[in-house]
Amino acid sequence: MRPKVWDLSPGDAMSYHRQTEQEELYYVFSGPARIRIGDERMDVPEGAAIRIPPETPRQVFNDTDEEHRWLIIGAPPVENDGRDVEE
């Protein structure tokens with residue numbers, strides 16, 4: 001596995017991307033946080049988790065006034081597996 005913690009300040013966003021081999025588990029430490037999966041944008045409550053399979057476009061973003069903290073775990077632990085998605 002390849003875990004990371006992402007802190008997003010108001011107005012921050014990670015790139016809109018997909019993984020080629022890796023599935024990812026997104027867990028919200030503090031929120032509610034916001035995520036985009038494909039064309040759908042949703043609130044994710046604090047303490048909730050979402051599993052996203054490879055090849056599915058995704059993006060965590062913060063369009064609120066609160067700090068967001070995510071735990072993101074990718075498996076298998078593939079280096080440089082992410083690819084930006086053109087919009």
Side-chain angles (χ1 to χ4, degrees):
M1 293 189 301
R2 191 178 54 115
K4 312 180 248 192
V5 174
W6 282 83
D7 291 305
L8 280 99
S9 299
D12 283 348
M14 106 187 321
S15 68
Y16 187 51
H17 71 286
R18 63 177 178 79
Q19 304 298 126
T20 56
E21 295 179 47
Q22 195 172 61
E23 68 179 335
E24 291 181 319
L25 177 78
Y26 289 73
Y27 176 83
V28 179
F29 282 128
S30 62
R34 303 269 290 145
I35 192 166
R36 175 180 170 195
I37 302 172
D39 293 330
E40 186 177 354
R41 297 170 190 255
M42 64 187 80
D43 292 327
V44 183
E46 196 169 293
I50 297 175
R51 181 192 149 275
I52 303 176
E55 299 296 337
T56 303
R58 82 275 322 249
Q59 177 185 41
V60 294
F61 61 96
N62 186 349
D63 60 355
T64 73
D65 295 330
E66 306 278 328
E67 293 281 327
H68 296 174
R69 175 170 273 194
W70 291 85
L71 171 64
I72 302 170
I73 302 171
V78 178
E79 292 292 324
N80 302 316
D81 190 47
R83 303 289 180 259
D84 287 344
V85 174
E86 292 186 35
E87 297 187 59

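Keep in mind that this is a model prediction, so the values were computed, not measured. Excluded from the calculations below are hydrogen atoms, water molecules and symmetry mates; all remaining heavy atoms, backbone and side chain alike, are included. Quick note: residue numbers are just sequence positions, from 1.
Side chains of Glu55 and Thr20: a donor-acceptor N/O pair is absent below 3.5 angstrom, by distance only.
Taking all atoms of both residues into account, the shortest heavy-atom contact from Phe61 to Ala13 is CB-CB, 3.7 Å. Nearest heavy-atom pair, Arg34 versus Thr64, reported as atom, atom and distance to 0.1 Å: CG-CG2, 4.4 Å. Taking all atoms of both residues into account, the shortest heavy-atom contact from Arg69 to Ser30 is N-OG, 3.1 Å. The heavy-atom pair separating Val78 from Arg2 by the smallest distance is O-NE, 3.7 Å. When all heavy atoms of Ala33 and Trp70 are compared, the pair lying nearest together is CB-CZ2, 3.3 Å. Taking each heavy atom of Arg58 and Glu24 in turn, the nearest pair found is NH1-OE1, 2.6 Å.
Clustering ILVMFWY residues whenever any of their side-chain heavy atoms sit less than 4.5 angstrom apart, transitively, puts Ile37 in a cluster other than the one holding Val85. Side-chain heavy atoms closer than 4.5 Å link hydrophobic residues (I, L, V, M, F, W, Y) into clusters, and following such links, even through other members, never connects Val44 to Phe29.
The side-chain contact (heavy atoms from CB on, under 4.5 Å) with Pro10 is formed by just one residue from the set Glu67, His68, Glu66; it is Glu67. Under the side-chain contact (heavy atoms from CB on, under 4.5 Å) test applied with Ile52, the options Leu25, Ile72, Ile35 reduce to a single match, Ile35.
Remark: Arg36 is positioned above the aromatic ring of Tyr16, its terminal NZ or CZ atom under 6.0 angstrom from the ring centre and at most 45 degrees off the axis.
For the pair Asn62 (side chain) and Leu8 (backbone), a donor-acceptor distance under 3.5 Å is present. Under a 3.5 Å cut-off, the side chain of Gln19 and the backbone N or O of Pro54 do not form any donor-acceptor pair. Looking at Arg83, its side chain does come within 3.5 Å of a backbone N or O of Asn80 through a donor-acceptor pair.
From Glu23, atom CD reaches atom CG of Asp81 across 11.5 Å, with rounding to the nearest 0.5 Å. Here Ile73 contributes atom CD1 and Gln22 contributes atom CD; the two are 11.0 Å apart, rounded to the nearest 0.5 Å. To the nearest 0.5 Å, atom NZ of residue Lys4 and atom OH of residue Tyr26 are 7.0 Å apart.
Considering only heavy atoms from C-beta on, Pro77 stays 4.5 Å or farther from Met1 through its side chain.
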